[in-house]
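See structure below.
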Amino acid sequence: MAIYDGQDKTPLFDAIVGYANENKISFHTPGHKHGKGMLKVFRQYVGDKVFRLDLSVMSEVDSLHEPSSVIKEAQVLAAKAYGADYSFFLVNGTTGGNQAMILSACDPGDKIIIPRNAHKSVISAVILAGAEPVYLMPKVDEVSDLILNLTPEQVEEACRQHPDAKAVLVTNPTYFGLTTDLEAIAEIVHQYDKVLLVDEAHGPHLHFHPSLPKSAIDSGADMCVQSTHKHLAALSQGSMLHVKGVRVDILRLKTTLQMLQTTSPSYVILGSLDLSRYQMVHGGEQALSQVLEMCEAARARINKIPGLSCLTREQVRKIPYLDLDPTKLTVSTKGLPCSGYDMAKILNSEYGIQTEMADFQNVLLFVSLGNTPKELKRFTSALEKIVVDYKDMFMNQKKRKRIVFPSFVPRKEVNPREALTRLTRKIPFKRSVGKVCAEIVCPYPPGIPVLCPGEVITQEIYNYLLNVLDSGARINGQSDGRLQTIKVLEDAPAASAPQKKLFAIG
Ligand SMILES: Cc1ncc(COP(=O)(O)O)c(C=O)c1O
């Protein structure tokens, strides 16, 4: 990869460290005053220096909301490194970035085409924007039971049916690393004069290696958001939003970012974003080659373990338009009477290995430049041992129920934002079929909203949720995590009852 002009600098990180080294007396925020006010237990564990980097907004380190010096310079370098026209540093993860993309692209009432398996931050952004979601359901793979990605045909059909939609959002890669033909989708979306937004939370590394699937910006997307903290070395919450081309209203985007982001951003996070960009430009490709190599070695070894299989790029590429980011290892336990949950539990408690996620029949690993071949060998050796050691226990377990994500999008009775302002009531979940849901019901894993506010609870969805709970998943963001009860819209408010209630969340 070519090293662009100025990429040997880390202007923001240098400014933060330069200021910290001046050792000035602080009569400003944060209140810990370079850590002196912090409890010893914390300082003793992490050392003193990190607190010196935790600064407040001041001219020496620039302002995230009105960048004019080092933050501006760092963002310009990031844009150049990613091949974008503009880049924005984010301190509230891709959650904040998805919200900014959607709120800057959609006015209240505007239609936006999104995959049903979008992250819940996309759904919440649609609610905040007061936009009208048009959901597309990606296919579920019959072999792996994984939810695939949108196809160009699905997007084209939706654009044809909804010529008034303002934007299309695609999740690329998905949580499991599945990518689609974004270039073809970008062409279609632009033909229909819409804006293409990409939730690229799981792809901040794609641009930096030629054998990885193409990044969103390289594929022609107008805007994308990446969780730099998830797959590169930035600190948690550190993400980037990139823009390319003329379809995005940059002033509106900047205003939206100001509305959504804190006025006290963490300079430790911001500095780590500057360093992540530097790290990828300088030796990122080589580091990723090593990651790819160790993933391939692990994949090959896992695929020799009886009862287990690890998703390969060749398998995925047989599905039209799809590809796989091979740094995500999806290990299926389908050939064993053992769930992904059980496998992850054993790996954790007996082998000290914490995976990214587990579901009914998969364990998912994110491998990044922070991992070593030795760690992956420990993982594969652990799998080999578990399959032998637990053979009898697995054999005595009753066969697991196959749980597949509902293949359709629930019927929307009321706009999601409107549903949040209506009168609601909590009812026993077992009596909820036929009612209109008033909250987001999102089991983790896989973290995909099964119901959104305003959607009708059907028997199939009810059964799916019961099965999901039974298998050990948690329901996040819902008023009753055990789903004994659920919030639904009042059927017919009494004439004397108040018609509206402000945000009936919680
Ligand atoms: C596809 C997708 N988008 C967005 C997010 C939110 O990202 P963040 O945690 O950086 O806010 C996630 C988090 O897991 C995700 O999986």
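When a ligand or atom number is given, it counts from 1 through the structure's own listing order.
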Please state which protein non-hydrogen atom is closest to atom 13 (C) of ligand 1 and give its distance, to 0.1 Å?
K230 NZ, 3.1 Å
What atoms of ligand 1 come within less than 4.0 Å of a heavy atom belonging to G93?
10 (O), 11 (O)
So, is T171 polar-close to ligand 1, with some N/O to N/O distance under 3.5 Å?
no
List the steps and the verdict of salt bridge (Lys or Arg N to Asp or Glu O under 4.0 Å) for E132 and K412.
CA-CA 10 Å; E132 198 63 55; K412 185 172 51 164; 2.5 Å; yes
Y175 N/O under 3.5 Å from ligand 1 N/O
no
Does the separation of the ring centres of Y462 and F429 fall below 6.0 angstrom?
yes
Run the ring pair (Phe, Tyr, Trp, His ring centres under 6.0 Å) check on Y175 and F366 step by step: do they pass?
CA-CA 10 Å; Y175 199 30; F366 285 172; 5.5 Å; yes
Where ligand 1 meets S227 - atom numbers and elements under 4.0 angstrom, heavy-atom basis:
7 (O), 8 (P), 10 (O)
Could you tell me whether ligand 1 has any atom less than 4.0 Å away from a heavy atom of Q237?
no
Nearest-contact summary for atom 16 (O) of ligand 1 - protein heavy atom, Å
H202 NE2, 2.7 Å
Return the residue, atom name and 0.1 Å-rounded distance of the protein heavy atom closest to atom 3 (N) of ligand 1.
D199 OD2, 2.6 Å
For the pair H207 and Y82, name the ring-plane relationship: parallel under 30°, tilted 30 to 60°, perpendicular over 60°.
tilted
Can you tell me how the ring of Y341 sits relative to the ring of F360, calling it parallel under 30°, perpendicular over 60° and tilted otherwise?
perpendicular
Ranked by distance from atom 11 (O) of ligand 1, the top protein heavy atom is T95 OG1, 2.6 Å
Quick one: look up the protein heavy atom nearest atom 8 (P) of ligand 1 and list residue, atom name and how far away it is.
T94 N, 3.4 Å
